[in-house]
Amino acid sequence: MKRPVLVLAMAAAMLLAAPVGHAAIISLYADLNGANEAPPNASPGSGFASVSVDTATHIMHVHVDFKDLLGTTTAAHIHCCTPLPLTATAGVATTVPNFIGFPLGVTSGLYEHDFDLELASSYNPSFLTAHGGTAAAAEAFLLAGMTSGRSYLNIHTTFRPGGEIRGFLVPEPAMISLLTLGLGLGFVSLRRKHTGED
């Protein structure tokens, strides 16, 4: 009875840990606030962003929900890639001056859009040029940055032109828990096998 659970947990963990070269859904999220900005600010604004990438279809779905900004929105995009995870700043990786169709001139809003990462037009031209000059090379660099905690999504406003709220994109908690469970069960199984327990 223990073995099927172990096998399922290990399979799930391996699927979640699959390299970008294999078809998978990469799911990330970010809590957006002024304290996460660089430099931090006291904005009461907050938000939530989720980004999912289907590595088979190369579609990146972006969802952003935000409210209570002090300024009105002027731009929003994903920046990549900071030198270290969860800190510092980086240039804009996605479309400039802002996400396609992002609500501008508002203090609260909702945004949803799908980006085709195989198209050069989905990237900031300078990001594309700096990372191989092709959409495929830019996509690989962006995904590596997003999955390593070195990219962030922020919303720029009239109150803070450099960014009023931001959040680093990180794997969804459920994915982290499942991966940790799968790896932990795998280590237990290996230990039992090595010590002769069952």
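The structure presented is a predicted model; accordingly, all values stated were derived computationally and were not measured.
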Do Tyr152 and Leu86 share a hydrophobic cluster (ILVMFWY, side-chain heavy atoms under 4.5 Å, transitive)? yes

Taking the side chain as C-beta and beyond, is there a heavy-atom pair between Phe168 and Ser151 under 4.5 Å? no

How close do Cys80 and Ala90 get, counting heavy atoms only, and between which atoms? C-CB, 3.5 Å

Roughly how far apart are Thr73 OG1 and His156 NE2, rounded to 0.5 Å? 11.0 Å

Going by heavy atoms in the side chains, are Ser27 and Ser52 under 4.5 Å from each other? yes

Examine distances only and state if a side-chain atom of Thr82 and a backbone atom of Thr89 form a donor-acceptor pair shorter than 3.5 Å. no

Please assess Val53 against Ile25 for the test side-chain contact (heavy atoms from CB on, under 4.5 Å), listing each intermediate value before the final yes or no. CA-CA 6 Å; Val53 179; Ile25 302 294; over 6 Å; no

Co-membership, hydrophobic cluster, residues Leu169 and Ile59, 4.5 Å side-chain: no

Between Pro40 and Ala35 the two heavy atoms that sit nearest each other are CB-O, 3.7 Å

When rounded to the nearest 0.5 angstrom, what is the spacing between CD in Glu172 and CG in Leu28? 7.5 Å

Any pair counted as side-chain hydrogen bond (donor to acceptor under 3.5 Å, both in side chains), so long as it reaches residues 29-48, sequence neighbours left out: Asn33-Asn36, Glu37-Asn154, Ser43-Glu164

Could you go through residues 125-138 and list every donor-acceptor pair under 3.5 Å that involves a side-chain atom there, pairing it with any protein atom two or more places apart or in another chain?
| residue | atom | partner | partner atom | Å |
| --- | --- | --- | --- | --- |
| Ser126 | OG | Asn124 | OD1 | 3.2 |
| Ser126 | OG | Asn124 | ND2 | 3.3 |
| Thr129 | OG1 | Pro125 | O | 3.0 |
| His131 | ND1 | Phe127 | O | 2.8 |
| Thr134 | OG1 | Ala137 | N | 3.1 |

Phe102 CZ to Leu110 CG distance, which is reported to the nearest 0.5 Å: 9.5 Å

Counting distance only, does the side-chain N/O of Thr55 pair as donor-acceptor with the main-chain N or O of Ala24 below 3.5 Å? yes

Who are the ring pair (Phe, Tyr, Trp, His ring centres under 6.0 Å) partners of His58, not counting sequence neighbours? none

Could you list the donor-acceptor pairs under 3.5 angstrom formed between side-chain atoms of residues 61-72 and any protein atom two or more places apart in sequence or on another chain?
| residue | atom | partner | partner atom | Å |
| --- | --- | --- | --- | --- |
| His61 | ND1 | Asp114 | OD1 | 2.5 |
| His61 | NE2 | Glu112 | OE1 | 2.6 |
| His63 | ND1 | Glu112 | OE2 | 2.4 |

Does the pair Ser121 and Tyr123 meet the rule for a side-chain contact (heavy atoms from CB on, under 4.5 Å), with working shown? CA-CA 5 Å; Ser121 59; Tyr123 304 94; over 6 Å; no

Members other than Leu84 in its cluster, when Ile, Leu, Val, Met, Phe, Trp, Tyr link by side-chain heavy atoms under 4.5 Å? none

Phe159 backbone acceptor or donor facing Thr157 side chain under 3.5 Å: yes

Please examine the side chains of Val51 and Met60, heavy atoms only from C-beta on, and report whether any two atoms are closer than 4.5 Å. yes

Side-chain heavy atoms under 4.5 angstrom apart, residues restricted to Ile, Leu, Val, Met, Phe, Trp, Tyr: same cluster for Tyr111 and Val106? yes

Could you give the distance from OG1 (Thr74) to CZ (Arg160), rounded to the nearest 0.5 Å? 12.5 Å

Could you list the donor-acceptor pairs under 3.5 angstrom formed between side-chain atoms of residues 93-100 and any protein atom two or more places apart in sequence or on another chain?
| residue | atom | partner | partner atom | Å |
| --- | --- | --- | --- | --- |
| Thr94 | OG1 | Ile78 | N | 3.0 |
| Thr95 | OG1 | Asn98 | O | 3.0 |

